[in-house]
Amino acid sequence: MQPMNEVPFETSLAEYAEDMLDACTRCGKCVEACPSVEPAGISRTTKSEDIIGGILELVRTGNGPEASRKWAQSCMRSGACIKACS
């Protein structure tokens, strides 16, 4: 039996979130590749960079713009965003 990780779950999750926030360049390619944008009812005039910026705000604070919330809530788990991330 392997020893249990002594790092609390909340600490690991916070570190993962910080790594993600630091790694994101806010280019918006993830939003552009996502099949959920149109079904979510997000306006075509909303910039992908603004949507992902709002997602990062949601991760940081739990608050963010409506378009970012819509995008997060409409996730189809296609993985297209991950593939598009450079």
Side-chain angles (χ1 to χ4, degrees):
M1 190 157 117
Q2 295 183 354
M4 292 180 58
N5 187 346
E6 294 185 27
V7 178
F9 173 76
E10 293 83 3
T11 302
S12 294
L13 183 60
E15 289 172 359
Y16 179 78
E18 279 303 314
D19 288 346
M20 182 183 74
L21 293 168
D22 289 342
C24 183
T25 64
R26 294 156 187 81
C27 69
K29 289 180 183 175
C30 53
V31 177
E32 292 168 7
C34 179
S36 299
V37 176
E38 189 174 329
I42 298 169
S43 170
R44 294 179 189 258
T45 62
T46 305
K47 293 181 181 178
S48 58
E49 296 90 343
D50 293 342
I51 294 172
I52 196 59
I55 292 294
L56 298 177
E57 186 178 331
L58 281 166
V59 172
R60 278 192 190 96
T61 68
N63 296 310
E66 183 179 351
S68 299
R69 288 180 173 280
K70 282 182 176 181
W71 188 56
Q73 292 169 346
S74 68
C75 180
M76 297 176 186
R77 292 167 182 70
S78 71
C81 56
I82 295 168
K83 294 173 188 170
C85 184
S86 51

* Asked: If we only count heavy atoms from C-beta on, is the R69 to N63 side-chain gap below 4.5 Å?
  ->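 Of all side-chain heavy-atom pairs linking N63 with R69, at least one is under 4.5 Å.
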* Using a 4.5 Å cut-off on heavy atoms from C-beta on, say whether the side chain of W71 contacts that of C30. => yes
Heavy-atom closest contact ([X] atom, [Y] atom, distance):
X: T46; Y: A67; result: CG2-CB, 4.0 Å
X: I55; Y: A72; result: CD1-CB, 3.9 Å
X: S68; Y: D50; result: OG-O, 3.8 Å
X: E57; Y: P65; result: OE1-CD, 4.1 Å
X: S74; Y: S36; result: O-OG, 3.0 Å
X: V31; Y: V37; result: O-CG2, 3.4 Å

Roughly how far apart are [X] [atom1] and [Y] [atom2], rounded to 0.5 Å?
X: Q73; Y: C75; atom1: CD; atom2: SG; answer: 11.0 Å
X: E32; Y: E49; atom1: CD; atom2: CD; answer: 6.5 Å
X: C34; Y: K83; atom1: SG; atom2: NZ; answer: 12.0 Å

* To do: Tell me, please, which residues at least two apart from C24 pass side-chain contact (heavy atoms from CB on, under 4.5 Å).
  =>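 For C24, the residues satisfying side-chain contact (heavy atoms from CB on, under 4.5 Å) (neighbours in sequence not counted) are R26, I52, L56.
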* Asked: Are more than 12 heavy atoms from other residues, nucleotides or ligands located less than 6.0 Å from atom CD1 of I82?
  ->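 Counting other residues, nucleotides and ligands, CD1 of I82 stays at 12 neighbours or fewer.
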